[in-house]
Every structure is written in C-alpha cells, then in structure tokens.
Amino acid sequence: MHNRMRWLMGATALLYIGPLLAGLGGFGWPLVPVFMVLFLLWQFILRPQQWPRQFHEWTQYPAWATLASNAALQLLFVALLFGVGRGIGGALGFVPLYTEMLPVAISFLSIPLARLIWNPWKPHGVNDFLDHAIDQIAHPANPVEVSEMNTARRMIAPLADLPDDTPPAAIAQHLLALSAFAEPAYVRTALFERARAGANRAEIIALILHSTDPGLIVEVPGDGPTLAMALVPEDPDLIALYASRLAEAMPQHAEIWGKSPSFDLLEAAAAKYINTRAETPLRDLIAATDAAQPEDGLA
C-alpha cells in the first residue's frame with residue numbers, strides 16, 4: 001500500500017499533539033482559542049469544498065452558521081485535548097522544558113505538511129473527467145443501442161418512486177428482475193445518468209449495488225466501480241455501503257482491481273471521512289485493493 005495515508009495521518013496527528021502538549025506544559029487557557037483558529041485553518045485548507053469559495057456567499061446565513069458550528073466543535077475538541085494534557089501533567093508533576101510557542105508551532109506545522117501530502121482538489125478534477133466519460137457512453141449513435149438504452153431507462157424508472165428507507169435487499173431484487181429485460185451495460189449507464197441528474201437514495205443504492213457486483217464488474221466494459229465512486233453523494237452511509245461491497249468483491253476476480261478506484265482516490269476519501277461510519281469500510285477497501293494489486297504493479 002502506498003505510504004501516503006500513513007504520512008497524512010502522521011501530519012494530522014501533529015495538529016492534535018499541539019494542544020495536548022500545551023495542556024501538559026500547564027500553559028494558560030488563553031492558548032485554547034489559538035489552537036481553535038489553527039484547527040479551523042486546517043479545515044479551510046484541507047477541506048475547501050466544505051466552505052464558500054465566493055465572497056458574496058459569506059454574506060449568507062448558511063455560511064456563517066457553518067462557520068459557527070465548526071468553530072464551536074473545534075473549540076470543544078481543543079479544550080478536551082488541553083484538559084487531558086493538564087490532567088496528565090498535574091498527575092505526573094510534569095515541568096515543561098519548552099515554551100508555549102512549541103505546541104503552537106507543532107500544530108501549525110501540520111497544515112503545510114498535510115497539504116503537501118494531499119491535494120484536496122484532485123478528486124474533483126478526476127470527477128470532472130469521469131463525468132465527461134459518462135456523457136460519452138450515455139448518448140450512443142447506433143439505433144440499436146438507442147433502443148437498448150431506452151429500455152434500460154424504462155426499467156429503472158420505478159426506482160425513482162421508492163422511499164429513502166427502502167432496504168438495499170429490496171432494491172437488489174428489483175435489479176435482479178430487470179436484468180431479464182435489459183443488458184447490464186445499458187442498465188449501468190442508465191443508473192449513471194440518473195445519478196448525474198439528481199437521483200434519489202434508492203437509485204444511488206441501485207447504482208452502488210450494480211457497480212460493486214463482482215460478476216457485473218467483470219462483464220460490463222469500463223471502470224464501473226471508479227465511475228460509481230465519483231457519483232455517490234457525500235453521505236457516510238452510502239460511501240460505507242459502496243466500500244464494504246467493493247472490498248468483498250475485490251478478491252473474487254483479478255480484473256476487478258484494474259477497474260476500481262486508485263489508491264490516491266481511496267486515501268483521499270478515507271481522510272475525508274475520518275470518524276464517520278465510512279472510515280472503517282474505506283480502510284478495509286484500501287487493504288483489499290493492496291492485497292489484490294498485481295505483483296508486477298508493486299513498487
């Protein structure tokens with residue numbers, strides 16, 4: 001496995017070590033807001049997609065509400081780390097051999113190091129490329145292909161009427177039933193179209209199930225799992241479903257590895273979904289991807 005994830009985790013750990021060391025050294029609570037600002041700065045630089053990019057957007061209430069909620073959360077987290085450090089320092093009678101600037105510098109160092117390791121905009125550039133690829137395959141010129149596409153679109157249409165709490169097992173049954181009437185490649189493309197147009201949750205789950213089925217990954221041309229990952233909304237539950245299914249499929253056929261997301265994309269996703277339901281399935285998928293990597297592709 002690439003070492004980038006380990007490096008990113010190490011760089012991020014420095015952010016947390018700072019307030020812990022500050023508390024351990026018994027420095028004053030006025031340092032807490034300083035660390036809160038550093039934590040927010042880390043969010044701005046490493047997760048820019050979560051913040052407004054235009055000045056006028058900052059004049060809207062949602063932007064300030066997001067900032068306030070993030071600031072409160074980071075303040076609470078920093079205060080917790082600071083308090084833990086003070087408790088440990090008090091119990092051990094620790095006498096610091098460093099000034100208060102050292103913990104601040106350690107936390108600040110995390111930001112440029114993490115940014116050097118991970119480009120937060122890269123996955124979005126990949127998504128733009130994948131959208132273009134989907135657009136090309138979704139509009140065939142051959143009359144027979146057009147007819148097949150229209151059939152697939154009609155067959156998946158009932159998915160749009162399913163409620164959000166429809167279990168994946170029920171959606172899987174629908175996919176199984178329509179497979180007798182539409183070719184998998186056209187069903188896949190029709191699901192891609194719906195995802196790009198604003199699919200509901202049931203349609204996204206159908207896309208995940210279809211794109212992570214080991215038999216269909218091999219049967220349907222193209223990099224289905226990679227395209228699907230670009231189209232799944234930023235929902236930890238959906239990402240967890242995608243990652244867990246693809247991790248199970250990975251060892252079942254050698255061809256699946258080449259059609260699946262790259263290490264860079266998976267590492268970026270795992271970093272983005274830290275402390276969510278998706279983190280463990282994504283790490284399992286990274287491990288499965290590493291285990292399935294062809295020997296001649298190892299560095």
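We count residues from 1, following the sequence as given.
The two residues Gln252 and Pro214 make their nearest non-hydrogen contact at OE1-CG, 3.4 Å. Taking all atoms of both residues into account, the shortest heavy-atom contact from Met250 to Ser260 is CE-OG, 3.6 Å. Taking each heavy atom of Leu231 and Ala195 in turn, the nearest pair found is CB-CB, 4.0 Å. Annotation for Ala71 and Met36: closest pair O-SD, 3.6 Å, computed over non-hydrogen atoms. The minimum heavy-atom distance between Ser110 and Leu14, with the atom names listed, is CB-CB, 3.8 Å. Smallest separation of non-hydrogen atoms from Glu100 and Leu31: CB-CD1, 3.9 Å.
Atom OH of Tyr273 sits in a crowded spot, with more than 12 heavy atoms from other residues, nucleotides or ligands closer than 6.0 Å. In this structure, Phe94 places its CZ atom where more than 12 heavy-atom neighbours from other residues, nucleotides or ligands lie under 6.0 Å away.
In this structure, the separation between CD on Glu267 and OG1 on Thr289 is 10.0 Å, given to the nearest 0.5 Å. Taking NZ of Lys259 as the start and OG1 of Thr226 as the end, the distance is 10.0 Å to the nearest 0.5 Å. Expressed to the nearest 0.5 Å, how far CD1 of Ile156 lies from CG of Leu191 amounts to 4.5 Å. Note that CZ of Arg196 and CG of Leu227 are 10.5 Å apart. Values are rounded to the nearest 0.5 Å. Taking CG of Asp235 as the reference point, atom CG of Leu241 lies at 10.0 Å (rounded to 0.5 Å). Interatomic distance, CD1 of Ile205 versus CD1 of Ile171, reported as 4.0 Å (0.5 Å rounding).
Residues Ile45 and Leu38 fall within the same hydrophobic cluster, defined by Ile, Leu, Val, Met, Phe, Trp and Tyr side chains chained together at heavy-atom separations under 4.5 Å. Leu216 and Val187 are not part of a single hydrophobic cluster, where members link through side-chain heavy atoms under 4.5 Å apart. Under the 4.5 Å side-chain heavy-atom criterion for Ile, Leu, Val, Met, Phe, Trp and Tyr, Ile106 and Val84 are members of the same hydrophobic cluster. In the hydrophobic cluster analysis, where Ile, Leu, Val, Met, Phe, Trp and Tyr join through side-chain heavy atoms closer than 4.5 angstrom, Leu41 is grouped apart from Leu76. Taking hydrophobic clusters as Ile, Leu, Val, Met, Phe, Trp and Tyr residues chained together by side-chain heavy-atom distances below 4.5 Å, Leu175 shares a cluster with Ile208.
Side-chain contact between Arg245 and Leu209 is present, with at least one heavy-atom pair separated by less than 4.5 Å. The side-chain heavy atoms of Met155 and Tyr186, taken from C-beta on, include no pair separated by under 4.5 Å. Using a 4.5 Å cut-off on side-chain heavy atoms (C-beta onward), Glu234 and Lys272 make contact. With contacts defined as side-chain heavy-atom distances shorter than 4.5 Å, the pair His210/Pro184 qualifies. The closest side-chain heavy-atom distance from Pro19 to Phe27 is not below 4.5 Å. Within the 4.5 Å cutoff, the side chain of Ile204 has heavy atoms near those of the Pro233 side chain. Residues Phe44 and Leu67 meet the side-chain proximity criterion, which asks for heavy atoms closer than 4.5 Å. Contact of the Leu75 side chain with the Phe39 side chain is not registered, since no non-hydrogen atoms from C-beta on lie closer than 4.5 Å.
Phe82 and Phe35 have tilted rings, their planes meeting at an angle from 30° to 60° on a 0 to 90° scale. Using a 30° and 60° split on the angle between ring planes, Tyr16 and Phe77 fall in the perpendicular class, above 60°.
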**Report entry** Test log, rule side chain to side chain contact (heavy atoms under 4.5 Å, CB included), inputs His253 and Ile217
**Finding:** CA-CA 9 Å; His253 197 284; Ile217 294 174; over 6 Å; no
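The main-chain N or O of Leu162 is never found under 3.5 Å from a side-chain atom of Thr166 such that the two would form a donor-acceptor pair. Here the side chain of Tyr98 pairs a donor or acceptor atom with the backbone of Leu21 at under 3.5 angstrom. Between the side chain of Arg201 and the main chain of Pro163, no donor-acceptor pair closer than 3.5 Å is present. Between the side chain of Tyr242 and the backbone N or O of Asp237 there is no donor-acceptor pair closer than 3.5 Å. Side-chain N or O atoms of Thr212 include none that pairs as donor or acceptor with a backbone N or O of Leu246 at under 3.5 Å. Here the side chain of Asn200 pairs a donor or acceptor atom with the backbone of Leu159 at under 3.5 angstrom.
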